[in-house]
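Every chain is numbered from 1, with letters handed out A, B, ... down the list of sequences.
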Protein chains: 4
Amino acid sequence: MTPPASDGSRAPKGRAPHRRDERARLAVLHAADDLLAERGFNGVSIEGIAARARVAKQTIYRWWPSKVDILLDTLSEDAARQLAIPEAGPVVEGTRRYLHALARFVTRDPAGKVLLALIGEAQHDPEMARLFHERWLDPQRMRERALLQRGIDAGELSSELDVDAALDALCGPIVYRALTGARIPRRFVDGLIADTLGRHVL
Amino acid sequence: MTPPASDGSRAPKGRAPHRRDERARLAVLHAADDLLAERGFNGVSIEGIAARARVAKQTIYRWWPSKVDILLDTLSEDAARQLAIPEAGPVVEGTRRYLHALARFVTRDPAGKVLLALIGEAQHDPEMARLFHERWLDPQRMRERALLQRGIDAGELSSELDVDAALDALCGPIVYRALTGARIPRRFVDGLIADTLGRHVL
Amino acid sequence: MTPPASDGSRAPKGRAPHRRDERARLAVLHAADDLLAERGFNGVSIEGIAARARVAKQTIYRWWPSKVDILLDTLSEDAARQLAIPEAGPVVEGTRRYLHALARFVTRDPAGKVLLALIGEAQHDPEMARLFHERWLDPQRMRERALLQRGIDAGELSSELDVDAALDALCGPIVYRALTGARIPRRFVDGLIADTLGRHVL
Amino acid sequence: MTPPASDGSRAPKGRAPHRRDERARLAVLHAADDLLAERGFNGVSIEGIAARARVAKQTIYRWWPSKVDILLDTLSEDAARQLAIPEAGPVVEGTRRYLHALARFVTRDPAGKVLLALIGEAQHDPEMARLFHERWLDPQRMRERALLQRGIDAGELSSELDVDAALDALCGPIVYRALTGARIPRRFVDGLIADTLGRHVL
DNA sequence: ACATAAGCGAGACGGTACGTCGGGTCTTATC
DNA sequence: GATAAGACCCGACGTACCGTCTCGCTTATGT
């Protein structure tokens, strides 16, 4: 499903021999992204993507089992950049930056709409929910956990801190506001950090 | 859309004149509910509801513009009972009871699945999101606000408390966990209350 | 089905007590007629008639089993006037006048469209065909036969004449031309008479 | 609409590429034919055809605008065989054979019911009438005219004969009898020929 | 060097559900 | 007791996409 991550070595001229066509792959991802932005999740259809990307339906079905898989691919590419977890520096400050980035992503970045749409679709389709966990939620949670754990290990945070509970207490309200279309001012995020981590900062 | 709750005075024998047929209305709501529980949101179709409720499609279209309107009706009936806001007694304790009820509702009550599905669908359809706000989110938030405000007025809570921020900090994590299929132990909820309201209890 | 032909004795003021409402009856017939003229047979629906006649559907169903019955009623009223069979005078000349009237009726009279539509519908529905025979074709044929028979009896026509064959040879081409939208010049009709009756005129 | 009659050169194995599927086409035509014979024109529905032919509705709509177009196709295939115009030999005798074939077709051949149904439907729908002329009536009339004209050219028939009038005088009664469900004995047809062409035979 | 085999565009196919129209039955209130 | 009004169940309409399929074309190897 995920390609060999555009292996930088190969020159992207024209098309590979009888390997996957990178141009088609990108056209599909962009078409899906655009359609989601323009018409919402329900306005995205395989036929619509194929038409806009000037690609045969079969080409889509060959590489992606469903439209959510396509969106998961676009999310992977976009979110990786926007939602990187700080791997060094003071942990509380890093958390603050991460949460602000998250708030920005889900309220202002078009790619954030993809994330919200996928959370939405996960409510409608259990198999898709499983995939969503596997491809996004679980890996991202792993990285988030590592961040706080680094704080505990470094003595910045109390070892009493329940890492998962804290992460949900921090991310939950941000995502919830985004899902309900509410605004997320900076001090709302700062308040969450103060309430959730405050007691545990050493 | 919601009828005046079958004005108790009239005997429910047979059918109303050339007015709405209460039996058909209930059959539709139950069929929708059942289908959602059994096959998920994407498994709910107007045709499916009509077939199971032994009702003509036209009868559904006459009274509900779309399947989400049907689900909003079922939510109104079910959630009203499960998610009543305490209107008297100590506010913090009332809040605790409400949040525990909310956690139970969204994780264990079949009707809670309806709520999650509607949050999900709101990500896919802006018009539906508007309706969802109007029919559920906003009224419920009004009631939640009244609860905390009562605490402030009664001197139980500091007047510094940002009511909306607190409510999202409390409900957000609970809903988020439900949306991601996580469990919600009682102490998770208690922890949220402690972190969010603790500083403001007088 | 056919009312007692607007028994002239009763004053047509308002509506009769709990007898059939003559105003409704006429409104239905006219609405049906108008709709047929404006939108063709397929554009005539019970709902459409009811709406245009400002009449309840039930009122229509109470008095007419189907829309063709309504059209049969309008035909009876209109055709009786236009297609009267000459009951006295020279028979060949009478036949000529009758056939010219028939040609005029099916090509120019709006009520003629009703006749053509009913012939058409008879091809689609055997039960309707039976009714059409009973209510129009057979009685009219009876009258036509009487005309030629009078000629034979009076010695104007040879007794060798096969009356039914002659009538179909005369009416068939006229109706067929109307059904296929062709024009019917006077000499076409005169030619039919010459060919069909010529040999038998004594 | 009518395909180039399955160009005999290509082997009919499997299905054509992304071209029309001949098996589906035939299944539709036969299903339509059968349904018309069994249940009459009003009993023919696109859904019914699709179900009986084991074909998707969309496949029907892709190739035929309406059910009458399907019936026109079945008529073309069947009538061509049954109603061929004699292209050589004595013209009067040829006409006789043609008219007997026509009488047989419209009274006994199941495909004749299709012709009657189409004449009927033409009364209900002007656009359909136009198409019916274009696809059947006009071409067939052209061929019929050629037959009589050949007789005139060959000196078998007087040049005074009004070809179109004669054809309607011949075919009209036959079709009319079929439309009204009457029987058509051989001598009825022979009588028409005698009356209509007799005077003009040289 | 060229046959091969994979990816590709195109699009027909059997299906499911959509939202609408009209059919014919019913119930009620009004006159 | 007939009528206007209109809700009801039902069947068909014509459309949009689904996911599968077959086709003819293109092109970089791997003999």
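Side-chain atoms of A56(A) lie closest to dA10(E) of the nucleotides dA10(E), dT15(F), dG23(E). If you check dA7(F), dG14(F), dA10(E) against the side chain of D21(B), the one that comes closest is dA7(F). Minimum atom distance to the side chain of W63(D) is reached by dA12(E), of the listed dC18(E), dA12(E), dG24(E).
The residue among E47(B) and A24(B) whose nearest nucleotide of DNA chain F lies closer to the 5′ end is A24(B). Mapping R54(C) and I46(D) onto DNA chain F by nearest heavy atom places R54(C) closer to the 5' end of the strand. Taking for each of V55(D) and V55(A) the nucleotide of DNA chain E with the nearest heavy atom, the 5'-most of the two is the partner of V55(A).
Put simply, R62(A) has a side-chain N or O that comes within less than 4.0 Å of OP1 or OP2 on dC8(E). Phosphate proximity of dC9(F) to T59(B): present, with a side-chain N or O under 4.0 Å from OP1 or OP2.
For R52(D) and dA12(F), the CZ to P distance is 14 Å, given to the nearest whole Å. What separates CD1 of I60(C) from P of dA5(F) is a distance of 12 Å, to the nearest Å. Between N42(C) atom CG and dG14(F) atom P there is a gap of 11 Å when expressed in whole angstrom units. In this structure, the CZ atom of R20(D) is 17 Å from the C1' atom of dT22(F), given to the nearest Å. To the nearest angstrom, P of dA16(F) lies 8 Å from CD of Q58(D). In this structure, the CZ atom of R23(C) is 13 Å from the C1' atom of dA2(F), given to the nearest Å. Atom P of nucleotide dA16(F) and atom CZ of R39(A) are separated by 12 Å, given to the nearest angstrom. If you take OH of Y61(C) and C1' of dG22(E), they are 8 Å apart, rounded to a whole angstrom.
Across all their heavy atoms, S66(B) and I46(B) have their closest contact at C-CD1, 4.4 Å.
Judged by atom type and distance alone, K57(A) reaches the base of dG19(F) through a side-chain donor-acceptor pair under 3.5 Å.
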Note to self: Does E121(D) form a salt bridge (Lys or Arg N to Asp or Glu O under 4.0 Å) with K67(D)? I'd like the steps, not just the answer.
What the structure shows: CA-CA 11 Å; E121(D) 188 61 12; K67(D) 72 177 179 179; over 6 Å; no
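In R62(C), the CZ atom is crowded: over 12 heavy atoms of neighbouring residues, nucleotides or ligands sit closer than 6.0 Å. Under a cut-off of 6.0 angstrom, the local environment of CZ in R54(C) is sparse, with at most 12 non-hydrogen atoms contributed by other residues, nucleotides or ligands.
Geometrically, R20(D) engages W64(D) in a cation-pi contact, judged by NZ or CZ lying under 6.0 Å from the ring centre and within 45° of the ring axis.
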